[in-house]
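For reference, the structure is listed below as structure tokens.
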Amino acid sequence: MQQPIQNVKPAIRNKVPTPLEQLLAEKSLIEERCRLQKKKLNEDFVYIQDNAYALLVSGLFALFFPVKNANGKVKKQVLPGSGDGHRKTAENVSLSVSDYLNIAKGFLPVVWEIVQPLVLTWCISKAKSLLSGLFSGKKRRIS
């Protein structure tokens with residue numbers, strides 16, 4: 001006896017992703033986030049490179065010479081935001097001697113990097129002149 005062929009349709013159900021599919025989806029999501037973050041960082045670096053001098057001068061000027069209003073209070077300065085519409089404010093406070101010393105302490109490594117070759121050159125030339133004076137055939141007169 002022949003059975004009638006029934007039109008069997010597979011049941012449509014929500015497909016549960018396999019662990020591999022989950023990992024691939026997570027990987028693509030992370031790669032997209034990394035790409036966006038890299039793009040944002042590159043834009044920030046380009047801005048900093050284009051405006052490095054102006055940013056440095058304005059930052060140092062605001063640090064050492066805070067703006068005061070007519071009442072004698074330190075005025076809030078508006079700092080440029082990150083481009084997302086938010087504006088940041090910073091309230092400058094008059095700096096004390098210890099603040100200036102902390103700033104100078106932060107610059108010491110930079111100053112040492114600049115001065116170190118000069119000091120080494122001077123020491124080498126001094127040592128060279130002293131050693132050449134000791135081993136030369138000329139005798140010095142003591143006066």
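Position 1 is the first residue of the sequence; numbering continues from there. Excluded from the calculations below are hydrogen atoms, water molecules and symmetry mates; all remaining heavy atoms, backbone and side chain alike, are included. As the structure is a prediction and not an experimental result, all values here were calculated from the model.
- By the side-chain contact (heavy atoms from CB on, under 4.5 Å) test, E43 pairs with K39, sequence neighbours left out.
- The closest side-chain heavy-atom distance from S129 to K126 is below 4.5 Å.
- Residue L41 holds its CG atom at 9.5 Å from CD1 of I48, rounded to the nearest 0.5 Å.
- A search for side-chain contact (heavy atoms from CB on, under 4.5 Å) contacts involving E32 returns R35, L36, not counting sequence neighbours.
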Inset, instruction - Start with the C-alpha gap between E21 and K15, add the side-chain angles, then the distance that decides, and say whether side chain to side chain contact (heavy atoms under 4.5 Å, CB included) holds. - result: CA-CA 11 Å; E21 290 173 340; K15 184 179 177 184; 3.9 Å; yes

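- Both F107 and L56 are assigned to one and the same hydrophobic cluster, defined by single-linkage of ILVMFWY side chains at heavy-atom distances under 4.5 Å.
- Listed by chain and number, the residues in a side-chain contact (heavy atoms from CB on, under 4.5 Å) with V119 are V115, C123 (sequence neighbours excluded).
- In this structure, L134 and L130 have side chains that are not in contact, with every pair of non-hydrogen atoms separated by 4.5 Å or more.
- To the nearest 0.5 Å, atoms CG (L23) and OG1 (T18) are separated by 8.5 Å.
- At least one side-chain heavy atom of Y47 sits less than 4.5 Å from a side-chain heavy atom of L55.
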